[in-house]
Undergrad: 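Below are the structure tokens for one structure; questions will follow.
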Amino acid sequence: MARVDTRSRHRNAPRPAEKSAPGFLQWIRGRNCAVANDDCAGKIEAAHVDAGGDKGMGTKASDRFAVPLCSHHHGEQHRIGWLTFQDKYDFKALIAAAAFWWAWPGRVAWERKLSNG
């Protein structure tokens with residue numbers, strides 16, 4: 001009987017350190033939904049804002065461009081896209097992402113580690 005190799009032919013490269021901030025994503029998940037209204041439902045998830053400028057083909061935006069959205073709003077954002085989502089909720093995603101990034105208590109240590117690494 002012939003053996004079939006079902007493993008992936010190649011592995012995706014790991015995310016570069018400058019795009020990955022798992023501590024920030026964990027902190028984001030502890031915030032309230034950024035568009036909090038009566039429709040909020042589900043757990044808080046980190047939604048990556050594509051307009052951050054460093055999204056590439058097959059890669060998502062850096063973690064620093066994440067905002068907290070409840071499951072309901074995160075799913076809606078994926079269905080209708082960022083531009084329509086922002087218009088619907090009068091929500092400025094990049095401004096919100098920057099505010100969350102600067103408010104993160106671990107930001108300075110993360111940036112220091114990255115610059116020394």
Undergrad: Assert yes or no for the condition that the ring centre distance of W101 to F24 is strictly below 6.0 Å.
TA: yes

Undergrad: Is it the case that more than 12 heavy atoms not belonging to L83 sit under 6.0 Å from its CG atom?
TA: no

Undergrad: How far does CD1 of I95 sit from CZ of F100, to the nearest 0.5 angstrom?
TA: 13.0 Å

Undergrad: I'd like to know whether D39 forms a side chain to side chain donor-acceptor pair (under 3.5 Å) with H73, so could you lay out the CA-CA distance, the side-chain angles of the two residues, the decisive distance to 0.1 Å, and finally the verdict.
TA: CA-CA 8 Å; D39 291 347; H73 286 120; 4.9 Å; no

Undergrad: Minimum heavy-atom separation for A97 and V49, please, with both atom names.
TA: CB-CG2, 4.4 Å

Undergrad: Decide yes or no for E45 and S71: does some side-chain heavy atom of the first lie under 4.5 Å from some side-chain heavy atom of the second?
TA: yes

Undergrad: If you count every heavy atom of other residues, nucleotides or ligands that lies below 6.0 Å from Q26 atom CD, does the total exceed 12?
TA: no

Undergrad: Check whether any side-chain heavy atom of F65 sits under 4.5 Å from a side-chain heavy atom of H48, and report yes or no.
TA: no

Undergrad: Can you see which heavy atom on S62 is nearest to which on K19, and at what distance?
TA: OG-CG, 3.3 Å

Undergrad: Both conditions, 6.0 Å and 45 degrees, for the charged tip of R31 above the ring of W27: are they met here?
TA: yes

Undergrad: If I compare all heavy atoms of I28 with all of A66, which pair ends up nearest, and what's the gap?
TA: CD1-O, 3.8 Å

Undergrad: Side chain to side chain donor-acceptor pair (under 3.5 Å) between E76 and Y89: does it pass, once the steps are laid out?
TA: CA-CA 11 Å; E76 180 182 21; Y89 293 104; 2.6 Å; yes

Undergrad: Search all heavy atoms of G42 against all heavy atoms of C70 and return the closest pair with its distance.
TA: O-CB, 4.1 Å

Undergrad: Quick one: does any side-chain atom of Q86 pair with a main-chain N or O of A93 as donor and acceptor, under 3.5 Å?
TA: yes

Undergrad: Using the ring of each side chain (for Trp, its six-membered ring), is W82 parallel, tilted or perpendicular to F85, with breaks at 30° and 60°?
TA: perpendicular

Undergrad: Go through K88 and D90 one step at a time and tell me if the salt bridge (Lys or Arg N to Asp or Glu O under 4.0 Å) criterion holds.
TA: CA-CA 6 Å; K88 179 176 180 178; D90 191 26; over 6 Å; no

Undergrad: So with a 6.0 Å cut-off around CG of N32, is the heavy-atom count from everything else above 12?
TA: no

Undergrad: Backbone N or O of V108 within a donor-acceptor pair of the R112 side chain at under 3.5 Å?
TA: no

Undergrad: Does any N or O in the side chain of W110 come within less than 3.5 Å of the main-chain N or O of S20, such that one atom is a donor and the other an acceptor?
TA: yes

Undergrad: So for atom CG, which belongs to N37, do other residues, nucleotides or ligands contribute more than 12 heavy atoms lying within a distance under 6.0 Å?
TA: yes

Undergrad: Considering all heavy atoms of both residues, which atom of R79 and which atom of H72 are nearest to each other, and what is their separation?
TA: NH2-O, 4.4 Å

Undergrad: So, for L69 and V35, which heavy atoms are closest and what is the spacing to 0.1 Å?
TA: CD2-CG2, 4.2 Å

Undergrad: Ignoring hydrogens and geometry, is there a side-chain-to-backbone donor-acceptor pair from T84 to G81 under 3.5 Å?
TA: no

